[in-house]
Amino acid sequence: TQSTRPQRILGAVQKNATRGDPRSVVRAIDQYCRNQEWAMNVGDEKGCILDSVVSEVNPATVLELGTYCGYSTVRIASLLPPHAKLITLEFNPEFAVIARQVIAWAGLEDKIQLVEGASGDLIPKMKEQFGVETFDLVFLDHWKDRYLPDTKLMEECGLLRKGSVLLADNVICPGTPEYLEFVRSSPRYESQYFKSHLEYTKVEDGMEKSVFLG
Ligand SMILES: CCCNc1ncnc2c1ncn2[C@@H]1O[C@H](/C=C/CNC(=O)c2cc(-c3ccc(F)cc3)cc(O)c2O)[C@H](C)[C@H]1O
Ligand SMILES: [Mg+2]
């Protein structure tokens, strides 16, 4: 039977990456998606922006919305301090199965908790079910029309504190106009745009970093 793109990405990891070496997992996915078939990972160029924000925030708690194959999950977790935790939400069980294997190959199971389900259902349960107070960093990379409602929901659920950082992928391509308008006009956020390119292409894209001011 025909394999799926996520299955082929996992295959490239198992073939080309070293078990327990997260950066080799990241490199294997980038090489596969750049040379064989495009996939919607944040990629190597925007990945460097992601790395710099993660390193600057040095978060103890991270939330990722939209795991897909686990590329950014592994990329972020590889930079976290020893006892830091990353919770990543994925509602498609097929992708969750792949991402769990990519995360295992990287040897990052202890830092990453992949939770299957929709962000809208899971965000209100973060405190009671996952023992989270607030998130130091949130990476938004799921359906683009869900960035704004989920940000409002995180605020309502008290999951953001003064200084929490939101980093949003794809604010240009495919684009998240309502979210961008909100974080750039709201007095409760300090936003900064990082111009870049759509993963593995020359098309313009960018990431928006927004600090919650409380
Ligand atoms: C209830 C739903 C909300 N709650 C949810 N709760 C949990 N998980 C959720 C939720 N909503 C979605 N997910 C999961 O997250 C993933 C979805 C990721 C979506 N990403 C894009 O669409 C994109 C497109 C392009 C692109 C650019 C140019 C092109 F030409 C083509 C494509 C580039 C990019 O970098 C992109 O990230 C995964 C597939 C999906 O199952
Ligand atoms: Mg993306």
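Order of appearance sets the numbers: ligands from 1, and atoms from 1 within every ligand.
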Per-atom contacts, ligand 1 versus Asn170 - under 4.0 Å to a heavy atom: 33 (C), 34 (C), 35 (O), 36 (C), 37 (O)

Modelled atom types, side-chain donor and acceptor of Arg184 and Ser191, under 3.5 Å: no

Close-contact set for ligand 1 against Phe95 heavy atoms, below 4.0 Å: 39 (C), 41 (O)

Test item: protein heavy atom less than 4.0 Å from atom 30 (F) of ligand 1: no

Tyr71-Asp30 side chain donor-acceptor pair, cut-off 3.5 Å: yes

Distance-only N or O hit between ligand 1 and Asp141, under 3.5 Å: yes

For atom 27 (C) of ligand 1, closest protein heavy-atom neighbour: Leu198 CD1, 3.6 Å

Of the protein N/O/S atoms, how many lie under 2.8 Å from the Mg ion (ligand 2): 3

Salt-bridge criterion met for Glu116 and Arg100 (N-O under 4.0 Å): yes

Nearest option to atom 21 (C) of ligand 1, as decided by whichever heavy atom of His142, Lys144, Glu90, Met207 sits closest: Lys144

Basic-acidic side-chain contact under 4.0 Å: Arg34, Asp44: yes

Per-atom contacts, ligand 1 versus Trp38 - under 4.0 Å to a heavy atom: 26 (C), 32 (C)

Salt-bridge contact Arg161-Asp136 (side-chain N to carboxylate O under 4.0 Å): yes

Heavy atom of Gly120, distance to ligand 1 below 4.0 Å: no

Side chains of Asp205 and Ser196, donor plus acceptor under 3.5 Å: no

Numbered atoms of ligand 1 (with element) below 4.0 Å of Asp169, judged on heavy atoms: 35 (O)

Lys/Arg N to Asp/Glu carboxylate O, Glu155 vs Arg188, below 4.0 Å: yes

Numbered atoms of ligand 1 (with element) below 4.0 Å of Glu199, judged on heavy atoms: 33 (C), 34 (C), 35 (O)

Within-cutoff protein neighbour (heavy atom, under 4.0 Å) for atom 36 (C) of ligand 1: yes

Within 6.0 angstrom of Glu190 CD, more than 12 heavy atoms from elsewhere: no

Tyr68-Glu90 side chain donor-acceptor pair, cut-off 3.5 Å: no

Residue pair Ser119 / Arg146, side-chain donor-acceptor N/O under 3.5 Å: no

Tyr147 ring center within less than 6.0 Å of His142 ring center: yes

Close approach of Gly43 to ligand 1, heavy atoms, under 4.0 angstrom: no

Ligand 1 atoms in contact with Ser119 (distance to a heavy atom under 4.0 Å): 3 (C), 4 (N), 5 (C), 6 (N), 7 (C)

Proximal atoms of ligand 1 relative to Leu89 (non-hydrogen, under 4.0 Å): 7 (C), 8 (N)

Residue Gly117 vicinity, atoms of ligand 1 by number, heavy atom under 4.0 Å: 6 (N), 7 (C)

Sub-4.5 Å side-chain heavy-atom contact between Leu140 and Leu167: no

Residues Lys209 and Glu56 bridged, charged N to O under 4.0 Å: yes

